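Please read these numbers as outputs of a predicted model, since none were measured by experiment.
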2 protein chains.
Amino acid sequence: MSQYQPPIADFAFALEHVVGYPDLAKMPGFEHADLDTVIELLEQCGDFVAKVVAPTNRAGDVEGSRLLPDGTVATPAGFKEAYRQYVDAGWGSVPLPEEFGGGGFPRTVGLVIQELMTSANMAFSLGPLLTQGAIEALLHYGDAELKQRYLPKMVTGEWSGTMNLTEPQAGSDVGALTTRAVPKEDGSFAITGQKIFITYGDHDMAEQIVHLVLARTPGAPEGTRGISCFIVPKFLINDDGSLGKRNAVATVSLEHKMGIHGSPTCVLSYEGATGYLIGEENKGMRIMFVMMNSARLGVGVQGLAVAERAYQQSLAYSQERRQGLAIGAPGPDSAIIEFPDVRRMLMTQKAYLSAMRYLMLLDATYVDRSTNDPDPAARARAEEIVGILTPICKSFGTDLGNELTSLALQIQGGMGFIEETGAAQHVRDVRIAAIYEGTNGIQAADLVGRKLGVRGGASILELLATMREVEADLAGAGVEFDSIRQELSQQFSVLEEATLWMLRTGAGDPNAVLSGSTPFLRMWGLCTGAWMLARAAVAAQATGDAELAKTQLVLARFYTQQLLPQSASLLGAATAGSADLFALDGDQLAGSGRKVRT
Amino acid sequence: MSQYQPPIADFAFALEHVVGYPDLAKMPGFEHADLDTVIELLEQCGDFVAKVVAPTNRAGDVEGSRLLPDGTVATPAGFKEAYRQYVDAGWGSVPLPEEFGGGGFPRTVGLVIQELMTSANMAFSLGPLLTQGAIEALLHYGDAELKQRYLPKMVTGEWSGTMNLTEPQAGSDVGALTTRAVPKEDGSFAITGQKIFITYGDHDMAEQIVHLVLARTPGAPEGTRGISCFIVPKFLINDDGSLGKRNAVATVSLEHKMGIHGSPTCVLSYEGATGYLIGEENKGMRIMFVMMNSARLGVGVQGLAVAERAYQQSLAYSQERRQGLAIGAPGPDSAIIEFPDVRRMLMTQKAYLSAMRYLMLLDATYVDRSTNDPDPAARARAEEIVGILTPICKSFGTDLGNELTSLALQIQGGMGFIEETGAAQHVRDVRIAAIYEGTNGIQAADLVGRKLGVRGGASILELLATMREVEADLAGAGVEFDSIRQELSQQFSVLEEATLWMLRTGAGDPNAVLSGSTPFLRMWGLCTGAWMLARAAVAAQATGDAELAKTQLVLARFYTQQLLPQSASLLGAATAGSADLFALDGDQLAGSGRKVRT
């Protein structure tokens, strides 16, 4: 297994030249987070994850987290120590408010740290990611007392956080949950119910675990409008802030999963556990959306991050493994990187990884702009763009996570299928990312159902118009950008056609729009990726760094000519309507209804 | 986990109406294998695999094969007994020559049996598959004595077979192998060397294992022209045919693999083991190609078979799992099959599975025609078509195996990621199929390097012309076939354009052709799949069975409108040449050569 190399130079170029970080750093609140400071910080963080976290990845997979006979959860060897160092260094606090002990850096920087952590060890990184989501919810909706009581130690990472949504009968349909919250005389609530798929629901890395739990109070309306959000600490907290007795929440079991074995996925049983209401009663879904929206971009980054590590491994393998003789090579044999089809697999990974990274960082800068831009109109527009880009980043990023880790494995041939090489672990680990935090199908439904109609479609069409501005930039950049511009222009036109069809069709036939939602989202993913690579190619040329300019030009050209054309090919699927999807009944789909002979 | 339902009705329709089995059964040697007999036999085989083999699948994954301290290999619980019943029933012997105790059925029938076995338990099915390959090699190249000595018990399955090609430094490049074979005075050879990735290299299911081993005799030429093929039995055979003492071949270790845990993948050490030359010295590669070509279609079927089982499970789950409320549904909740995006995932699986099954069965009928057609010209043409279709079936079938098992998992959401449901096992098991028996990249190189140039390109262009005949059939079948015909016609034209580009470019720039080989093969896969679905739709209409006609029409329309357009979108990648693939060096691909600041 090769060493993980944090792609700091890629981040630096992206931040400075592609996603406009220097402008972001000028906004109120980010003055201390200038580019030089950020890059130095990222270099240190990269060193940390490469040396401390990355070495725990394989052992975490082999050993996994275990539920001990005494009902506690033991994480794999090395996790506890790595987490202690993570807390000591304060990496989790970088993008959090200074008021509670954080570094006050833009979330864009937090997202890069998350990519680094996830590449190093996805299973390990989930604990901090969930903690961050819980912190966001508390920051937005907690009252002053809850914030003071919980946030400082959550910001340092001494206490970790969880999200408790899912129940056996309530997965994608959160509104079906039945966990009860009964008010007690002291203003707290008694929480009773069973929650499943709780990531880091219990573990031995932090002294306290802060559960955010969705439940229903007595007489609450049905569905999502009757859900409230509670904070349920693993240990009750004494008045002096010290930890008191164990709360009534128990770990029933851990799941045996395809991947992320190091991350304990718990079934938790709440048996009259003491909880405290966050925000208003029956408004819990709003809070969960804060956590989830923040987490969704983070999950998209997981696809990118695991694929980046898998790519690095496949690239190293392709340079080391000698096998056969490439055409025109001197002999006696060639590294397999000299074979065209291996090159194709490498270039495909590299181009998609670059496109995804630029796109996700762009989305993150809009998250920061939505809170810190001094212009209210710009803040509002940034929030709209985040609304559109986030489901794209989540779905496209995690679908590509699956596809690219599989390509990386393929390059390693039979060795890739052997667990010891680690190639298979990447494929297995990343597979969950397309499912959790809203399946990718739900992201597509979110895009066409909620985001498309914002301002009667003007919001998404304006984004498309912004994207098309790159065509002029390409036209001005020189003749070698022509083929990129031509392909991009055609593809953007088809994307526009699909978008207009969706806008026209949505009101009258919502099922037709949902039927095409996944191919439509993929078109957006492919086209926004191309947009970012084109921007990067133009920007790289302007730096005067010939090597960089060449690399970015080649990536943009390869992507637009050889990968992007898929987008237009999805127009038929995006706009076919629902008829053929629903034409066959269950028996016809099974084939079992048919007679054997006809 | 849902029960496996053998899709016998699909086989029956395919054989009778799509791939012309009745004509095949009229050929000399197949008279006893008429359609009715075959379907009855397949129904029995389906019952057998569903009841006896399928239940061993999950335990085989969990337990895996193990190397015991005494150096022997124990297969998982249930394998031994299932194999005994398989031998007793004689399923392995169905497509083998009657001369050696086989049923003398067409290999087309053998391929269906293989699909059934593989759907039931891929890891289990590999033993019989490898045995069949070894039998083919002996049938073609063994002398009368070797055949009499080995074949009868291999045909029954009492003895199993293996293929020993790979060595640590000789994977895709078989010619790099170094195992030595030194002649002894009695005419036998002493075989010494280490072989890796030997499927069922040792196990406890058969009393004897017959290894086919590639090795070099003293003074043999370098590369593939100096390789000879030997038969090396696990136990030496006494003159009376009984088993004698243990031969000098030992199991060094078993691999820990991502999937097919039940199948023991062995490192074998030959330490002066007694072997017998098959065929001529230095002509071993020819023999291995016989085994591999037979196995390549079989590996394609693995992609289909595992995806079929995964599909069945996802369909059952989508009908049982209730979650949320679909648009227009009565409530209180809906089975998730009512959601458009779940339908898309089901239809995508179903359409590809049907296309693949028809295509692979068609390939199999040409295998049979290549040996049993009374017309020598038809035999020769059939062999050409097999040469073209086999790499397509292998690559497209196994790529789809990866893609479709992942879709099946996705439908099952978080439960799909939990190992107990079995969805993940299908993804893990099938992943090897795109790698072994020649990676899919090697299949693509085979298509453009060897098969494309047959008769100066006339062979493949004639196949394309044959495919285009379906356009007239569609035109004559009625107005509801029009959209299928139009899309198909466009896509075939683009395929022709790509093929002509390949033919033009091949001689002058072989690297350009190799650079486009994988997208080119995918275009052929997509288009031949569409061809078969269109044929099936027309044929189903002619049966007068309205239900069947509707099902096949919908599948063909969905596929051509919503999946097939990908094909034309690959033209750019197929014909881009090698320049951009080789534009970046290793440092540029890594990104690490770049300065952090520019």
>> Looking at B:Gln323 and A:Ser172, would you say the former's side chain and the latter's main chain have a donor-acceptor pair under 3.5 Å?
In response: yes

>> If we ignore hydrogens and angles and just use 3.5 Å, is the side chain of A:Arg431 paired with the main-chain N or O of B:Ala424 as donor and acceptor?
In response: no

> Most heavy-atom pairs under 4.5 angstrom with chain A, which of B:Arg322, B:Glu255, B:Arg343?
Replying inline: B:Arg343

> Taking B:Arg557, B:Gln566, B:Glu403, B:Gln412 one by one, which has the highest count of heavy-atom pairs under 4.5 Å against chain A?
Replying inline: B:Arg557

>> Is A:Val342 in contact with chain B via its backbone, its side chain, both, or neither, using a 4.5 Å heavy-atom distance?
In response: neither

> Backbone N or O of B:Ala576 within a donor-acceptor pair of the A:Gln561 side chain at under 3.5 Å?
Replying inline: no

> Should B:Asp341 and A:Leu514 count as side-chain neighbours, where that means a heavy-atom distance under 4.5 Å?
Replying inline: no

> Which residue out of A:Gly572, A:Gly175, A:Ala445, A:Gly324 racks up the most heavy-atom pairs below 4.5 Å with chain B?
Replying inline: A:Gly324

> Quick one: what part of A:Ala434 sits under 4.5 Å from any heavy atom of chain B, side chain, backbone, both or neither?
Replying inline: both

> Taking A:Ile337, A:Leu409, A:Leu346 one by one, which has the highest count of heavy-atom pairs under 4.5 Å against chain B?
Replying inline: A:Leu409

> What residue, out of A:Asn402, A:Leu315, A:Leu584, has the most heavy-atom pairs lying under 4.5 Å from chain B?
Replying inline: A:Leu584

> Who among A:Pro6, A:Pro340, A:Ala583 has the most heavy-atom pairs with chain B under 4.5 Å?
Replying inline: A:Pro340

> Using a cut-off of under 4.5 Å for heavy-atom pairs, which of B:Pro7, B:Ala579, B:Pro519 has the most such pairs with chain A?
Replying inline: B:Pro519

> Heavy-atom distance under 4.5 Å to chain A: side chain of B:Arg428, backbone, both or neither?
Replying inline: both

>> Heavy-atom pairs under 4.5 Å with chain B: which of A:Val554, A:Ile260, A:Leu564 has the most?
In response: A:Val554

> Where does A:Asp333 contact chain B at under 4.5 Å (heavy atoms): side chain, backbone, both or neither?
Replying inline: neither

> Taking every heavy-atom pair that is under 4.5 Å apart, which of B:Leu581, B:Ile336, B:Ile435, B:Ile418 has the most such pairs with chain A?
Replying inline: B:Leu581

>> So which residue, B:Gln562, B:Lys257, B:Met258, ends up with the most heavy-atom pairs under 4.5 Å with chain A?
In response: B:Met258

> Is chain B contacted by the side chain of A:Phe339, its backbone, both, or neither, given a heavy-atom distance below 4.5 Å?
Replying inline: backbone

